[in-house]
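Please read the structure below before turning to the comments.
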Amino acid sequence: MKEDKDSRWFELECVPKNYIFSKEERPQNLDSPVCDLIPVIDLAKPKAANGHSQPVEEIFKASQEFGFFQVINHGIPEKTVNDAMSVFKEFFDMQSKDVATGIVQHKKAYIYTSSTDYVKDGVHLWRENIKHPCHPLEECIHLWPDKPTRYQEVIAAYLVEIQKLSSRILEMICEGLGLKQGYFKDTSEVQLLSSNFYPPCPDPSLTLGILPHHDPSFITLLYQGGSTGLQVMKDGQWVNVGGIPNAFVVNIGNQLEIISNRKLKSVKHRVVTSTHETRLSIATFVNPSPDCIIEPAKILVSELEPSLYTASRYKEYVHSNKAFGDYTSAIQNALHSES
Ligand SMILES: O=C(O)CCC(=O)C(=O)O
Ligand SMILES: [Fe+2]
């Protein structure tokens, strides 16, 4: 660590031992190119004269093949997104200056974890994170951080837009699957926000920003600015997702894989670090409501295509899979344990 007491945990010349993953878990081939096969879908494309509109078909194909796609011309104002990014930047900057900051803050209904959060066999991720529930929005807002002072207002505005965009995308997925319109309407909400700050790392070949995982959501909408670092598993290889400013990365989560009876894929992904780039991301999880029973849609099950999953209540699924990591219960119960 530098002598300067204002220096932050990542301002180092070498990676400390407790951030080094085992040889098997370390990323390899960090220099591989961006995978330009992951579709970038223009949501402003005109509707086709008959049949499905073009985005519906593109979204469906991408969700089958990659479980991931990016959307552009999505209608969320640039200012709303930029404001949210700058609030998170300020939030993470403030954490390092706040002497009272513990390793984990579980204040009100948000959970901040610093870089010294053991994730795997005593190894830390190269990141800081904040998570909080978002639904119902009016009940959640005042439980979020109140510093920076704009946090609650700016993030609420961002989530209103994300809710609209995610409903639109889910409707297109419905159409692609042949489910009736509004299939997800009353059972899906933007339930959880998780923002990550991944600073530059002296040796990215030793560290990870986030472990390989599947999302426990219907869909996840991720804003990553123009930065790189997100990798997706494709045919047994990690491939890089390109950084496109103003685009949202959308991925299919486990619950939609179940409902679609595996027509759509929930695909493993992770984040690797960079020597020179700071990555700031905002992930928003569109999840089923806690009491929703998740099972393959009846019309997608037949004698030829039998159900591949048994029904389970979403909240039970979340608890038994520790879907949101060590703080799963705290997150699920956040609204009822205000302190
Ligand atoms: O921070 C990122 O870019 C990835 C986040 C992610 O995959 C998640 O939170 O599930
Ligand atoms: Fe994820």
Side-chain angles (χ1 to χ4, degrees), residues 10 27 30 34-35 38 63 66-71 81 84-85 88-89 91-92 110-115 117 119-120 124-134 155 158-159 162 166 190-201 204 207-234 238-257 264-274 277-287 317-318 321-328 331-332:
F10 51 86
L30 281 170
V34 159
C35 173
I38 296 178
S63 306
F66 294 93
F68 271 78
F69 54 93
Q70 303 207 46
V71 290
V81 178
M85 289 293 268
F88 281 117
K89 183 180 178 310
F91 174 82
F92 287 113
Y110 70 88
I111 291 162
Y112 162 77
T113 47
S114 73
S115 62
D117 181 33
V119 289
K120 184 118 197 244
H124 305 310
L125 294 174
W126 198 265
R127 69 146 190 198
E128 296 174 44
N129 174 267
I130 177 167
K131 278 190 188 60
H132 55 64
C134 312
I155 301 308
Y158 179 78
L159 287 163
I162 291 286
S166 63
V190 179
Q191 300 272 4
L192 181 74
L193 177 147
S194 175
S195 175
N196 291 300
F197 166 72
Y198 308 94
C201 169
T207 60
L208 280 172
I210 202 167
L211 291 172
H213 66 281
H214 295 89
D215 286 355
S217 52
F218 276 137
I219 54 171
T220 305
L221 268 64
L222 177 79
Y223 190 76
Q224 56 172 359
S227 58
T228 59
L230 179 64
Q231 295 190 324
V232 171
M233 185 59 88
K234 175 72 180 147
W238 287 110
V239 300
N240 292 307
V241 177
I244 306 175
N246 299 321
F248 280 88
V249 177
V250 182
N251 65 292
I252 305 298
N254 294 344
Q255 309 311 308
L256 199 49
E257 178 176 291
L264 309 183
K265 311 269 178 328
S266 168
V267 169
K268 207 187 260 183
H269 52 286
R270 69 178 185 186
V271 170
V272 296
T273 62
S274 153
E277 211 180 83
T278 297
R279 176 183 173 85
L280 182 62
S281 69
I282 312 173
T284 37
F285 296 88
V286 182
N287 296 340
Y317 173 95
V318 164
N321 291 285
K322 271 196 158 188
F324 302 111
D326 286 348
Y327 309 108
T328 296
I331 288 167
Q332 289 296 97

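Ligands are counted one by one from 1 in listed order, and the atoms in each one are counted from 1 as well. Numbers for residues simply follow the sequence, beginning at 1.
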Inset, instruction - State which residues pass salt bridge (Lys or Arg N to Asp or Glu O under 4.0 Å) with Lys268; sequence neighbours excluded, sorted by chain then number. - result: none
Inset, instruction - List, ordered by chain and residue number, the protein residues whose closest non-hydrogen atom lies under 4.0 Å from any atom of ligand 1. - result: Asn196, Tyr198, Ile210, His213, Asp215, Leu222, His269, Val271, Arg279, Ser281, Ala283, Phe285
Inset, instruction - Please say whether more than 12 non-hydrogen atoms of neighbouring residues, nucleotides or ligands are located less than 6.0 Å from NZ in Lys89. - result: no
Legend entry - Side-chain heavy-atom pair Phe218, Ser166 within 4.5 angstrom cut-off: no
Inset, instruction - Answer whether the closest heavy-atom distance between the side chains of Leu193 and Cys134 falls below 4.5 Å. - result: yes
Inset, instruction - Go around the Fe ion (ligand 2) and count every protein N, O or S atom nearer than 2.8 Å. - result: 3
Legend entry - side-chain contact (heavy atoms from CB on, under 4.5 Å), paired with Val190, selected from Asn287, Leu159, Thr220: Leu159
Inset, instruction - Over all heavy atoms of both residues, which pair between Phe68 and Ile38 is shortest? Give the atoms and the distance, please. - result: O-CG2, 3.7 Å
Legend entry - Phe10 and Phe197 aromatic ring geometry - parallel, tilted or perpendicular at 30°/60° bounds: perpendicular
Legend entry - Between Asn129 and Ser194, a side-chain donor and acceptor under 3.5 Å: yes
Inset, instruction - With sequence neighbours excluded, tell me which residues meet ring-ring contact (aromatic ring centres under 6.0 Å, His included) with Tyr223. - result: Phe248
